[in-house]
Amino acid sequence: MAYMHIGKDFVPPDVPGKVTGRIKYAEDYTREGMVYSRLLTSPIPHARVLDIDASEALAMDGVFGILTADDVYPDGEPQSTGLKILTNEPTLVGEPILALAAIDEKTAETAISRINVTFERLPFVLDPLDSLAEGGANAYPGDQNTFVFRQGFATEKWTEDQVASFRAGNEPTAEAQQTWSLGDLEAGFAASEFVYETTFTTAGYPHHSMEPRSAMAYWEDGKLYLHGTSQSLTALADGMAPIIGVPKEDIVFINAATGGGFGQRARANSIPSMAIPAKLSQKINRPVMMRITREEEFTIGGARQGFQGWIKAGFKPDGVMSACDLYIISDNGGKGGGGDASSAADCIDVLYQPDALRFRGTSIGSNTAHRGAQRGPGQNQIAPIIAPILDKAADALGISRLEIRKINAPRNGDVAGPRQTPFTSAYVPESLDMATRQFDWEGRQARRRQRNGSKVIGLGLGQGYHNAGRSGMDGIVTMGTDGRLKIHNGVGNLGTYSYASTSRAAAEVLKMPWENCDILNVRTDNHLPITSPQDGSNSIFTNTRTMFGAATDMLNKMKEIAATDLGGDPADYDVSNERVHQIADESIGYTYAEVAQRATELGGKFTGEADLPEELAEWTQISVSRLAGSAFMGVYHDPRHEGNPPGFTVTCCEIELDLETGKYEILDMVTIAESGTIVHPQGMENQLVGGAVWGIGLSGYERHLYDPQNGLPASTGYWQSKVPTYLDTPVKIGTGWVDLPDPENPVGARGIGEPSMGAVSAALTAAITDALDGHHFATAPITADMIINHLAGTEENAAPLAQNNFRG
Amino acid sequence: MNPKVTRRRFIKGVVASGAAATTTGMWYAANGQDRPGGAVERLIRINVNGQMRSVDVAPQETLASTLRYKLGLTGTKLGCNRGECGACTVVVDDVATYACSVLTHSMKNARIETVEGLESPNGDLHPVQQAFVEELSPQCGYCTPGQVMAAVALLRENPNPTREEARHAMSGNICRCGSYDSYLDGVMRAVQLG
């Protein structure tokens with residue numbers, strides 16, 4: 001389909017501000033009378049606060065007040081998982097206990113040093129399997145180690161033999177907290193020609209967004225103005241209002257740009273620290289800036305869940321995956337949260353369509369960083385584990401590694417997951433063909449395992465998946481009498497430019513030149529509609545639907561006004577060149593400025609004062625009510641869509657691994673997206689190469705290290721939790737996309753941000769395995785020291801299946 | 001690169017001397033909010049973006065803090081405040097330098113350039129900035145000012161680098177969004193825009 005805007009590159013309006021330094025992040029703001037907050041955080045991994053004596057600090061000049069958990073939770077702290085604003089029951093090192101406001105940060109730090117906090121030390125645990133064992137310490141309040149949905153905190157224990165057997169590489173025998181299954185597992189394995197079974201680990205590791213989550217807040221005329229950092233805009237404010245305890249109509253969230261999120265800044269409950277300056281400001285009646293350091297960002301910034309798992313997969317002689325049995329202990333860290341394990345099983349079902357699948361999972365806490373969603377939570381942890389298994393099956397059955405993936409690939413009409421949800425569309429075989437063609441996969445096979453001195457070539461092929469679309473949100477567009485289109489967009493600015501690319505759907509409907517469109521975002525008092533949080537790769541699918549719908553509502557109203565005033569039926573009208581005109585005689589019509597003028601004169605439904613969609617969210621209703629009567633308005637509530645809109649990726653890579661150092665260089669990489677129509681090619685390319693870097697980090701570098709004696713985190717910085725750099729990534733990453741429209745989206749689009757990581761991690765791990773003659777580490781990351789130990793035949797020091805330490 | 005003072009050599013020296021502002025406890029000390037009495041020279045003049053600026057500087061204050069909190073040049077970002085990420089990169093005497101890891105008092109005879117100083121007086125973007133726009137190099141944008149300044153320093157030293165040379169020259173700047181490919185595309189386009 002020929003589009004005016006969709007599929008074309010453009011310059012998102014915030015880009016010049018990013019290259020000039022003019023765009024403001026939360027910490028760049030100041031306010032007259034602003035004072036500074038610093039945090040007193042827990043120095044120990046598990047404790048109970050018995051007493052806080054702040055008398056000496058509060059008597060100091062320049063100190064304005066403190067905020068404690070008792071202030072923010074007068075009825076007691078919530079007994080649930082997730083980060084709290086402040087706590088008297090810290091379950092990880094660095095958890096905020098209190099905040100203090102002072103004239104400057106030196107005074108604040110000095111005052112904090114004079115506060116006496118009496119802690120009762122409690123036993124701590126760093127490895128979920130240690131907690132599962134009888135007599136093992138428990139991470140959570142009340143001496144409990146797990147959280148059961150709709151039941152609350154609980155304690156889960158295995159016998160010592162059960163834990164030891166699992167660590168020794170055997171299938172766990174204990175009953176799991178969560179189970180779901182599809183098909184006849186026993187029959188599936190019985191039909192298998194090749195069965196592979198292994199235990200595995202994947203490491204938890206921090207999000208490490210570049211911008212620490214600093215925030216500044218002040219109150220004015222009863223309204224809270226909060227400068228913060230979030231992936232989302234209206235979804236964040238909508239959730240943050242009740243956390244702070246302010247009515248939704250009285251919060252203004254200001255967020256022009258966010259320095260990275262990757263899942264941990266999507267929702268209010270993942271950034272409750274933003275409530276600290278808000279509540280402190282309310283208490284002391286001054287603007288409060290809370291700057292967050294890199295170490296604090298590590299602590300309250302969250303981390304991916306680590307896995308300790310067991311997998312058994314069976315393949316028929318023809319290469320069909322006939323059965324997959326998966327058991328995962330997921331490390332829920334100090335605050336619980338996350339459903340990564342089940343998503344990992346779902347991902348296997350999606351990508352390889354096994355005849356039968358069983359998932360069993362148990363979540364256990366550890367006194368380590370807060371866990372939450374991180375780019376492809378679950379799908380991406382399992383990607384580097386499953387890819388080498390596919391290769392082993394292919395080699396054993398005499399099928400090519402490409403062919404075994406095509407045999408098992410999901411296609412249009414297929415279903416997957418515990419509810420056997422159909423895909424809205426799926427073109428994975430086409431993606432595999434495109435990636436392998438562009439990479440010359442077949443041509444490179446002759447180089448496989450070729451030696452050059454101490455170096456050896458490895459080839460890898462990987463796939464990624466994440467469901468990538470939601471619905472049920474709202475859209476608003478307005479037009480003033482100048483005829484410019486104002487697109488009210490509640491999508492956050494997290495760096496994907498989806499706030500701008502989704503706006504292009506509205507411009508497309510009205511055939512509006514992009515230079516005559518204004519995107520209203522940045523601050524929620526720009527009268528923005530509710531959106532889904534910008535997580536789960538959903539924004540493109542979800543919000544092109546709402547933008548398209550709101551603009552269509554405006555288009556229909558234009559035609560109705562023109563038909564009423566100028567004669568004929570609305571169906572007799574169309575739009576072009578910023579005019580609504582009769583199709584038969586284009587000279588009969590209104591300019592957009594004229595029709596906006598007429599709409600404003602007519603009022604009622606044309607200006608948002610009547611006939612609004614009944615299902616509008618409370619947040620959208622507030623925005624519409626404030627706009628009502630002021631401008632020509634299109635309003636839309638998006639009904640639910642059918643099916644699972646998937647995002648798929650395929651990656652091919654070639655590495656050269658040095659058998660003397662354990663290091664490798666990625667010589668070439670091609671990654672291909674299958675995510676419906678491409679809305680913004682440059683944005684798509686950024687998501688693909690960005691996801692690739694994350695996939696390289698998952699496979700090769702990133703992990704949590706904790707001091708086992710004291711429970712202190714040892715990877716709070718960038719060099720300790722190694723983030724890939726320019727030199728760890730290929731000189732150039734090849735990209736491409738299938739670009740076939742999805743029927744459940746009006747412009748055919750689906751999301752891609754998360755699966756772009758999984759395919760790369762799968763391909764890179766497969767390539768490392770290939771270079772090492774098929775040695776399957778069954779872990780992520782695979783670091784140089786692990787490779788050297790393997791080649792030297794040296795036993796590793798790490799405990800089998802360890803978490804938050806070496807090998808996990 | 002300048003054979004006398006490379007960024008890497010410089011940072012190594014700073015770390016070795018123990019002068020780098022590092023941990024939480026040093027945060028307030030580095031940001032220049034301290035106001036001790038005594039005979040230490042406080043009011044100094046530094047050359048920032050071609051202008052001599054008088055500024056009240058604490059002895060232990062880093063250049064990043066002075067730029068951001070005294071001079072309002074918030075384009076220079078603090079990602080780690082300890083010489084790991086490069087978000088605070090500025091150009092000092094044509095050398096890319098971590099502003100979090102040098103003391104402002106050591107800058108008295110230096111020529112400091114920040115991202116705010118690159119645009120021409122008529123508003124035209126610097127070729128590196130223009131190239132980064134055209135290639136959509138930034139994602140979240142937080143590391144972008146540092147990437148811009150690292151690229152500016154590179155192209156002054158080597159106006160026609162290969163992609164591989166650019167990759168090494170930029171390697172002191174982390175991008176957590178993983179936009180390295182797009183930044184390198186930007187550097188190579190900047191070479192053309194010259």
Side-chain angles (χ1 to χ4, degrees), chain A residues 9 11-12 14-25 27-28 36 38 104-110 207-212 257-262 291 293-296 494-497 682-683 685-686 689-694 717-719 723-727 729-733, chain B residues 23-25 27-29 31 33-35 68 72-82 84-85 87 114-116 118-119 125-126 128-130 132-145 148 163-164 166-168 170-184:
Chain A
D9 281 329
V11 177
D14 60 313
V15 178
K18 285 177 174 172
V19 302
T20 57
R22 274 200 287 272
I23 198 164
K24 285 188 181 296
Y25 297 78
E27 204 222 305
D28 297 336
Y36 297 86
R38 296 291 302 144
D104 55 39
E105 281 161 316
K106 174 181 168 58
T107 306
E109 285 280 356
T110 305
H207 295 68
H208 265 329
S209 300
M210 292 289 286
E211 179 196 12
T258 286
F262 317 113
R291 290 185 186 135
T293 65
R294 176 54 42 195
E295 293 89 339
E296 289 167 340
L494 66 162
T496 62
Y497 302 109
Q682 280 187 321
E685 185 150 341
N686 270 355
V689 299
V693 173
W694 274 73
Y718 280 117
W719 68 272
V723 171
T725 71
Y726 277 95
L727 301 182
T729 55
V731 178
K732 179 72 186 165
I733 299 170
Chain B
T23 62
T24 307
W27 173 264
Y28 63 82
N31 73 15
Q33 290 180 338
D34 193 12
R35 290 180 174 79
R68 286 184 57 78
L73 297 172
T74 55
T76 299
K77 301 300 180 200
L78 282 169
C80 67
N81 209 18
R82 57 187 194 186
E84 290 179 1
C85 76
T114 73
V115 71
E116 290 92 344
L118 294 179
E119 278 175 272
L125 296 178
H126 184 282
V128 168
Q129 294 172 313
Q130 183 62 37
F132 279 18
V133 169
E134 291 175 12
E135 291 294 338
L136 197 69
S137 301
Q139 291 192 34
C140 82
Y142 200 75
C143 73
T144 303
V148 168
R163 195 177 177 92
E164 182 67 32
R167 178 183 180 229
H168 277 83
M170 302 284 288
S171 65
N173 291 67
I174 286 174
C175 171
R176 185 51 162 160
C177 297
S179 213
Y180 300 127
D181 227 64
S182 302
Y183 282 122
L184 289 177

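Computed from heavy atoms alone, side chains included, the values below leave out hydrogens, waters and symmetry copies.
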Quick check on [X] against chain B: is it the side chain, the backbone, both or neither that has a heavy atom closer than 4.5 Å?
| X | value |
| --- | --- |
| T20(A) | both |
| W694(A) | side chain |
| V11(A) | side chain |

OG1 on T725(A) to NE2 on H168(B), rounded to 0.5 Å: 9.0 Å

Just give me the residue among [options] that pairs up with chain A most often, heavy atom to heavy atom, under 4.5 Å.
| options | result |
| --- | --- |
| V128(B), L184(B), D181(B) | D181(B) |
| E116(B), Q130(B), R68(B) | R68(B) |
| G75(B), C140(B), G178(B) | C140(B) |

Geometric class of the Y142(B)/Y25(A) ring pair [parallel <30°, tilted 30-60°, perpendicular >60°]: perpendicular

May I ask you to test the [X]-[Y] pair for a side-chain heavy-atom distance under 4.5 Å?
| X | Y | value |
| --- | --- | --- |
| L136(B) | P12(A) | yes |
| E211(A) | K77(B) | no |
| R22(A) | E119(B) | yes |
| Y180(B) | V689(A) | no |
| C177(B) | F262(A) | yes |
| Q139(B) | T496(A) | no |

Residue, of T729(A), I23(A), D28(A), T258(A), that accumulates the most heavy atom pairs under 4.5 Å with chain B: D28(A)

